[in-house]
There are 2 protein chains.
Amino acid sequence: MADIPRPTDAELSILRVLWRRGPSTVKEVHDELARRAPTGYTTTLKQLQIMTEKGLVTRDESQRAHLYVARLPEEQTQTQLVGDLLDRAFEGSASRLVLRALSSRPATPGELAEIRELLDRLEGDTK
Amino acid sequence: MADIPRPTDAELSILRVLWRRGPSTVKEVHDELARRAPTGYTTTLKQLQIMTEKGLVTRDESQRAHLYVARLPEEQTQTQLVGDLLDRAFEGSASRLVLRALSSRPATPGELAEIRELLDRLEGDTK
DNA sequence: AAAGAAATACGAAACTCTTCGTTGACAATA
DNA sequence: TATTGTCAACGAAGAGTTTCGTATTTCTTT
C-alpha cells in the first residue's frame, strides 16, 4: 500500500505542473496543460482522480475546489525514474547512462562544472 | 514510417537479449527470458511479431526458425530513452539527470573516473 | 427559494500492452 | 506414407491508459 507506481506519461505531465505550482485545483492544472496540448477539462480531472487512487497525489477536500498535491517531491520521483531506467536499459551501470545523457544533449559549460563538483563531492566520501 | 516508437518494458527485455546474443530465434529469446521470469513461448513469439510490425526488430525468414535482430543498436536506443526521460521529467536538464543518477546508485571509483574523462573530452570540444 | 455557474463524480469508449490457447504448416523419422 | 514434434500465425481476453460526454452536487446571486 505504501509503494507508489511509476507515473505514466500523462501523469508525469500533471506532476510537473504540481511541482512547479504547488497545491493546485483541477482548473489550474488543466489550464497549464491545455496551453501546450488542448484537452478536455474532465480528462484532467479523471487523471487526477486516478492518481489519487494510486497514491501519486493527495487531495485536500476542505474547499469547494479540491486542492491536489504531488505526494512525492520532484527529486524523489526523478531518482526513482532514473533508477528504473538504469535497471531496464543500462544493466545498472550509472556511468553508461551518464555517458549517453551527455552525448545526447549538449550540456552547457556551467552544467559540466556542476557535474564536476558533484564528482568531487562523491569521491570525497569514497575513502 | 521511419520513426521507431519507444520500446515498452517487455519489449526492452527482449531487445536486451537480442543485443547480447545477436540474431536469435524465438526459442532462444524465450529460453533466456523464461530463466528469470517463467512465461509462455507464444507470449514471446507474439511480442516479437508486434515488435516486427513496429519496426523495433527485423526478421530473417529464410530459415524454418526465423531469426530476429534488433533494428537499432543498443547505444542508439539508450540515447533515445535518456533523451526521452530528459524531456519528460527533467525539463531537458542533463546535469540534473546526472545528479540523480549518481545519487541514486553508488558508482564505483572506476566509473567516476570514466565520467571524469568524458567531461574532459566534452570540455575540450567546447571552446 | 429558484436559477445559474462552477466544480466533482460517474460511466463508457477507444486504444495499447501483455499474456496465452488453439490452429495450421512444415519437417524429420519410423 | 503416417506419425510426431517444432515452429509461426491467429484470435482473443484481461488489465491499464487516455479521453470525454453526461449527470450530480454545491455555491452564489437574485
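Chain A is the first sequence line, chain B the second, and so forth, proteins listed ahead of strands; every chain is numbered from 1.
- Residues passing the ring-ring contact (aromatic ring centres under 6.0 Å, His included) test with A:His66, sequence neighbours excluded: none.
- Residues passing the side-chain contact (heavy atoms from CB on, under 4.5 Å) test with B:Arg64: none are found, sequence neighbours excluded.
- Residues passing the side chain to side chain donor-acceptor pair (under 3.5 Å) test with A:Asp9 are B:Arg6, B:Arg88, sequence neighbours excluded.
- When atom types are taken as modelled, the side chain of B:Ser24 and the backbone of B:Gly22 share a donor-acceptor pair closer than 3.5 angstrom.
- For the OP1/OP2 pair of D:dA9 and a distance below 4.0 Å, the side-chain nitrogens and oxygens of B:Arg59 include at least one atom meeting the criterion.
- Atom-to-atom, CD of B:Glu53 to P of C:dT16 comes out at 11 Å; the value is rounded to the nearest Å.
- One atom, CD of A:Gln63, and another, C1' of D:dT26, lie 13 Å apart when rounded to the nearest Å.
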Which atoms of nucleotides 3-7 of chain C (N or O only) lie under 3.5 Å from a protein N or O atom, and what are those distances?
from, atom 1, to, atom 2, distance (Å)
C:dA6, N3, A:Arg64, NH2, 2.5

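- Pairs passing the salt bridge (Lys or Arg N to Asp or Glu O under 4.0 Å) check and including a residue from residues 35-56 of chain A, sequence neighbours excluded, read A:Glu11-A:Lys54.
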Stepwise side-chain contact (heavy atoms from CB on, under 4.5 Å) test for B:Leu119 and A:Leu102: CA-CA 9 Å; B:Leu119 287 180; A:Leu102 294 183; 3.9 Å; yes
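- B:Glu61 has its CD atom 16 Å from the P atom of C:dA25, to the nearest Å.
- In this structure, the separation between OG1 on A:Thr39 and CD on A:Gln47 is 8.5 Å, given to the nearest 0.5 Å.
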Is there a salt bridge (Lys or Arg N to Asp or Glu O under 4.0 Å) between B:Glu91 and B:Arg96 once you walk through the steps? CA-CA 9 Å; B:Glu91 317 280 351; B:Arg96 279 271 198 83; over 6 Å; no
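- To the nearest angstrom, C1' of C:dC17 lies 13 Å from CG of B:Leu56.
- Between the CD atom of A:Glu28 and the P atom of C:dT8 there is a distance of 10 Å, given to the nearest Å.
- For the pair A:Met51 CE and D:dG16 C1', the interatomic distance rounds to 15 Å; values are reported in whole Å.
- Here C:dT22 presents its P atom at 16 Å from CG of B:Leu45, a figure rounded to the nearest Å.
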Write out a two-atom table: protein N or O, nucleotide N or O from nucleotides 17-19 of chain D, distance below 3.5 Å.
from, atom 1, to, atom 2, distance (Å)
D:dT17, OP2, A:Lys54, NZ, 3.0
D:dT18, OP2, A:Thr8, OG1, 2.4

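- Proximity of B:Gln49 to the phosphate of D:dA8: no side-chain N or O atom is located under 4.0 Å from OP1 or OP2.
- For A:Glu61, the CD atom is densely surrounded, since the number of other residues' heavy atoms within 6.0 Å is greater than 12.
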